[in-house]
Amino acid sequence: MAACVARRCLSFLGRYRRGAVQSSLGFELRPAETVLSRSVCVCCLQQKRTLTSRPEGKVLEPVGVFEVPKQQGKYETGQLFLHSVFGYRGIVLFPWQARLYDRDVASPVSEKVDTSAAHGSKEVKGKTHTYYQVLIDARDCPHISQRSQTEAVTFLANHDDSRALYAIPGLDYVSHEDILPYNSTDQVPIQHELFERFLSFDQTKVPPFLARETLRAWQEKNHPWLELSDVHRETTENIRVTVIPFYMGMREAQNSHVYWWRYCIRLENLGVEVVQLRERHWRIFSLSGTLETVRGRGVVGREPVLSKEQPAFQYSSHVSLQASSGHMWGTFRFERPDGSHFDVRIPPFSLESNKDEKTPPSGLHW
């Protein structure tokens with residue numbers, strides 16, 4: 001039987017020389033001289049997770065040539081890629097060197113109760129991990145919006161309204177292992193309003209898309225509000241939760257200081273059982289001494305299903321404190337097909353302000 005597992009499908013045609021890289025969209029991605037194509041319409045794929053020929057009645061649009069993913073080193077500005085989990089086309093703007101705190105590989109030296117995370121957390125040592133600031137192809141945004149927010153990178157808007165936010169559509173953070181690189185002869189291979197403002201084409205370079213001065217200036221001016229520094233990860237019963245907090249700045253409201261953060265959360269089903277997120281339970285501790293509990297249905301108005309075909313869901317949200325730092329932790333409650341429930345831990349993470357930067361941007365800085 002055929003199952004609709006993607007709004008848009010990827011097929012990889014041509015000569016195959018190396019082993020396959022598995023795609024979350026149900027294909028085997030073949031590196032080395034493999035022509036990369038993307039269908040332009042909805043289609044059904046065989047559940048065997050391998051595509052051996054073009055779907056009947058579908059027209060494939062050439063995209064580029066797939067490259068072997070890098071096991072060592074970083075991708076350069078201008079690298080074209082497919083997201084290995086969400087399947088969208090994108091391009092690398094610049095890298096971030098983050099500290100990854102992975103509780104699944106915590107140090108065995110000691111286990112101690114963290115008073116800021118009441119579920120008895122482990123002492124975790126961070127390791128350096130590369131993430132990338134990227135642009136998402138606008139043509140792909142409608143097809144991934146149910147699995148990953150495409151307006152997740154937000155900023156405080158202005159001083160007149162302490163709660164006003166604005167977003168940059170099609171801006172994302174991508175981990176190194178989620179990059180499936182490819183190249184293209186198209187001088188404008190990614191459709192995004194910032195593509196030609198940030199990048200220029202030079203066919204003598206590899207990759208041929210170079211950073212304009214506009215991109216370098218934008219990165220420097222907005223660095224405090226874009227910077228990705230800490231990543232927290234923990235797995236419970238095959239559900240992996242990854243949290244990335246970002247400091248957004250401080251605003252004055254009713255004669256007090258309000259500090260804002262956004263946090264990006266990715267939920268991944270590493271198992272084979274279909275599960276559905278039903279509830280969230282947060283605990284938020286402020287340096288001012290307050291402890292807040294938040295419970296609710298789903299996340300951002302959704303109760304996503306995580307399956308083998310659609311294993312991941314990613315979203316962003318916001319939190320504000322009347323103190324310059326705090327902590328957050330909690331659980332997500334999932335439901336199995338038989339109606340039973342289980343709780344998945346959200347790794348505890350710190351909310352730290354950047355005391356060197358008092359004023360967030362009031363608009364885009366170019």
Side-chain angles (χ1 to χ4, degrees), residues 7-8 10 35-40 59-67 69-70 74-84 86-96 130-145 148-155 157 165-176 178-228 246 264 316 360-366:
R7 288 293 186 95
R8 310 178 78 186
L10 308 176
V35 177
L36 174 63
S37 301
R38 178 178 292 264
S39 76
V40 295
V59 178
L60 297 181
E61 172 191 345
V63 171
V65 179
F66 184 62
E67 300 174 352
K70 286 187 176 183
K74 298 192 294 288
Y75 294 107
E76 302 294 330
T77 295
Q79 176 65 61
L80 295 168
F81 70 92
L82 292 180
H83 195 293
S84 68
F86 298 113
Y88 65 72
R89 289 166 287 185
I91 191 165
V92 171
L93 295 180
F94 45 82
W96 293 109
T130 302
Y131 275 73
Y132 300 93
Q133 196 86 67
V134 308
L135 295 180
I136 303 173
D137 194 308
R139 294 168 292 185
D140 296 340
C141 288
H143 307 292
I144 65 171
S145 61
S148 178
Q149 292 174 325
T150 57
E151 296 187 1
V153 181
T154 53
F155 300 85
L165 303 173
Y166 71 88
I168 301 179
L171 191 65
D172 200 4
Y173 295 84
V174 179
S175 178
H176 182 86
D178 288 336
I179 297 285
L180 295 176
Y182 72 92
N183 61 66
S184 172
T185 57
D186 190 344
Q187 294 189 21
V188 188
I190 300 297
Q191 291 188 13
H192 191 286
E193 61 180 350
L194 297 178
F195 180 86
E196 292 184 274
R197 181 174 290 187
F198 281 169
L199 300 161
S200 62
F201 180 78
D202 185 343
Q203 62 182 358
T204 66
K205 304 295 183 180
V206 179
F209 306 102
L210 307 180
R212 295 183 185 271
E213 183 58 36
T214 308
L215 174 58
R216 288 188 283 266
W218 182 77
Q219 179 185 4
E220 180 179 356
K221 291 179 180 179
N222 295 281
H223 182 278
W225 326 112
L226 291 170
E227 183 179 14
L228 186 160
F246 298 88
C264 178
S316 288
S362 58
L364 286 176
H365 290 265
W366 307 109

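We use all heavy atoms of the structure for the numbers below, so side chains are in, but hydrogens, waters and symmetry mates are not. Since we're looking at a predicted model, the values are computed, not measured.
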Query raised in the report: Rounded to the nearest 0.5 Å, how far does CG of Leu199 lie from CD1 of Ile91?
Result: 5.0 Å
Query raised in the report: Any side-chain heavy atom of Asp172 sitting closer than 4.5 Å to one from Tyr88?
Result: yes
Query raised in the report: Are any non-hydrogen side-chain atoms of Ser316 and Thr154 less than 4.5 angstrom apart?
Result: no
**Report entry** Any Asp202 side-chain heavy atom under 4.5 Å of Pro208 side chain
**Finding:** no
Query raised in the report: Out of curiosity, Ser148 OG to His83 NE2, how far, rounded to the nearest 0.5 Å?
Result: 6.5 Å
Query raised in the report: What residues, two or more places apart in sequence or in another chain, satisfy side chain to side chain contact (heavy atoms under 4.5 Å, CB included) together with Glu76?
Result: Pro207
Report summary line: In this structure, CG of Asn183 is separated from CZ of Phe66 (nearest 0.5 Å) by 11.0 Å
Query raised in the report: Okay, side chain of Thr77, backbone of Leu93: is any donor-acceptor separation there less than 3.5 Å?
Result: yes
**Report entry** Residue list, salt bridge (Lys or Arg N to Asp or Glu O under 4.0 Å) with Arg216, at least two apart or on another chain
**Finding:** Glu213
Query raised in the report: Got Trp218 and Leu194 here, is their nearest side-chain heavy-atom distance under 4.5 Å?
Result: no
Query raised in the report: Do other residues, nucleotides or ligands put more than 12 heavy atoms under 6.0 Å from Lys205 NZ?
Result: no
Query - All ring pair (Phe, Tyr, Trp, His ring centres under 6.0 Å) counterparts of Phe81, not counting sequence neighbours - result: none
Query - Glu196 side, atom CD; Gln187 side, atom CD - distance, nearest 0.5 Å - result: 9.5 Å
Query raised in the report: Judged by atom type as modelled, is there a donor-acceptor pair below 3.5 Å linking the side chain of Asp140 to the main-chain atoms of Arg89?
Result: yes
**Report entry** Donor-acceptor pair between Gln133 and Trp96 side chains, under 3.5 angstrom
**Finding:** yes
Query raised in the report: Is any side-chain heavy atom of Val174 closer than 4.5 Å to a side-chain heavy atom of Tyr131?
Result: no
Query raised in the report: Is any side-chain heavy atom of Ile190 closer than 4.5 Å to a side-chain heavy atom of Leu80?
Result: yes
Report summary line: The ring pair (Phe, Tyr, Trp, His ring centres under 6.0 Å) partners of Phe246 (sequence neighbours excluded) come to Tyr173
Query - Value rounded to 0.5 Å, distance of NZ in Lys74 from CZ in Phe94 - result: 13.5 Å
Requested in this report: Give a yes-or-no answer on whether the side chains of Ser184 and Asp186 include a donor-acceptor pair shorter than 3.5 Å.
Outcome: no
Query raised in the report: Does a side-chain heavy-atom distance below 4.5 Å link Ile144 with Thr150?
Result: yes
Report task. Enter the distance from Ser200:OG to Leu210:CG here, rounded to the nearest 0.5 Å. Result -> 4.5 Å
Query - Residues in side chain to side chain contact (heavy atoms under 4.5 Å, CB included) contact with Gln191, at least two apart in sequence or another chain - result: Asp137, Arg139
Requested in this report: State which residues pass ring pair (Phe, Tyr, Trp, His ring centres under 6.0 Å) with His176; sequence neighbours excluded, sorted by chain then number.
Outcome: Tyr75, Tyr132
